[in-house]
Amino acid sequence: MSDQSQYLKSSKLIATHYGEEYEHYYNAIVPPIFMNSLNVFETVDGYYDFDRRDKHTYCYGRVQNPTVRILEDKMAALEHGAGAMAFASGMAAASTAVLTVCRAGGHVICVRNAYGPLRILLDGYAKDHLGITTTYVDGDRVEEFEEALTENTQLIVLESPSSVVLTLQDIRGVSEAAKKAGAKVYIDNTFCTPIYQQPLDLGADIVMHTASKYIGGHSDVIGGFLIAKDEALFAQLLANRELFGGIAGPMEAWLMIRGLRTMEVRLAQHQETAMAAAQYLEGHPKVRKVNYPGLPSHPQYELMKRQQQGNTGLLSFEIYGTTGDAVKVVERLKLFKIGVSWGGFESLVFVPHARLSPEECAQLRGDQGIIRIHCGLEGAEALIADLEQALSSL
Ligand SMILES: *Cc1c(COP(=O)(O)O)cnc(C)c1O
């Protein structure tokens, strides 16, 4: 790679040009998909001379691949980390982080609104196989984490904003408390992406992303990332990625590189549309509550302004009515398609608590009929018209 350090100051230059090694592939403007499972050596010594292996020595695809490397260099630069590693999914990244940082018999503090499958991993596998216990907190106040810390706490799991009720945590405050107690802070930064939030700068130790959302951006790829600030921690995570075998494939890495190039411009549009939809919903007489951190009415708006540079396309709202009424509204929507996931070009809608008990809903601080929407790239006018016709059924 020729000297590209001047690109590091700009997320736009990182996404478009940083990490690209044109001279290694005939100056093609887009890197090839290195669809090889292994690389060969001239001599046996050449293979075993680990000291002379550099960035351009590749050996086996479960360890590293040139297309994956370009993607990782970009993500490390965007998140201001010592390094980034790409995974086959967000959950491959998340489970590698938990199993690297936590030891048998350890303790985790996790926000209640964290991604469901990660909570299942903690409450199931980590507890049953490794005796790891988890304390859940709402996470609105730093004191909740301080009170939950034990001398055995190894990991604090944040997701800010969270992806259903859009709650935030004070990343700097929690990281300071964690440091004093010797615990590592992990944060799922999928909602903001590195364009709108850089948690490592605020003191977090590990940033996780699912690339299946905005980084891919086109609903055609599953992938994930871990980015760490500390070199030694990064090396441990990387060693376990190799052992657990969760590296992203080269085709997926190539799609993620393509997604990253346009992410910043896509996000600006997602944000503009979501803000317009949030304001529309907030003014609607049938809507009881709107959860979007970009709204000044969000209870953590001041914290949002301190630690984020923007918001993206995801929001949720509750209506005056039953869960059945909410389902009716959702099923009347035409442009918003019913489905999980988000972050792509298309608008989506989901009733994430529809099958939860009232107690579980209370814990998660969202109605059984809470409606989550992802505002895609169809434009605010069409999407608000769709919301209008669906809500008129009430
Ligand atoms: C989708 C999602 C994940 C899981 O990512 P996968 O790529 O599906 O494994 C994790 N966290 C959040 C916030 C998500 O939305």
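In this chain, residues are counted from 1 in sequence order. Counting convention: from 1, in listed order, for ligands and their atoms alike.
Among K213, H209, E159, the residue whose heavy atom lies closest to atom 2 (C) of ligand 1 is K213.
Residue D188 has at least one nitrogen or oxygen atom sitting less than 3.5 Å from a nitrogen or oxygen atom of ligand 1, judged on distance alone. Distances between N or O atoms of W342 and those of ligand 1 include at least one value under 3.5 Å. At a 3.5 angstrom cut-off on N or O pairs, S212 counts as close to ligand 1. When only interatomic distances are considered, the shortest N/O to N/O separation between M208 and ligand 1 does not fall below 3.5 Å.
Distance from atom 6 (P) of ligand 1 to its nearest protein heavy atom, with residue and atom name: G90 N, 3.4 Å. Looking only at protein heavy atoms, the nearest one to atom 9 (O) of ligand 1 is M91 N, 2.8 Å.
Close contacts between ligand 1 and G223 involve ligand atoms 7 (O) [criterion: under 4.0 Å to a heavy atom].
The residue F191 has no part lying near ligand 1, judged by heavy-atom distances below 4.0 Å.
Closest heavy-atom contact between Y292 and M275: CE2-SD, 3.7 Å.
Of the possible polar contacts, one joining the N152 side chain to the G105 backbone as a donor-acceptor pair under 3.5 Å is found.
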Exercise for review: Determine, stepwise, if the pair N189 / E79 fulfils side chain to side chain donor-acceptor pair (under 3.5 Å).
Suggested key: CA-CA 10 Å; N189 197 28; E79 285 284 9; 3.0 Å; yes
Check your understanding: What's the verdict on ring-ring contact (aromatic ring centres under 6.0 Å, His included) for H374 and Y214, showing C-alpha distance, side-chain angles and the deciding distance?
Key -> CA-CA 11 Å; H374 175 250; Y214 290 117; 5.6 Å; yes
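Remark: R53 is positioned above the aromatic ring of Y47, its terminal NZ or CZ atom under 6.0 angstrom from the ring centre and at most 45 degrees off the axis.
The existence of a salt bridge linking E282 and K289 is excluded, since no basic side-chain nitrogen approaches an acidic carboxylate oxygen closer than 4.0 Å.
Sorted by first and then second residue, the salt bridge (Lys or Arg N to Asp or Glu O under 4.0 Å) pairs involving residues 33-43 (not counting sequence neighbours) form an empty list.
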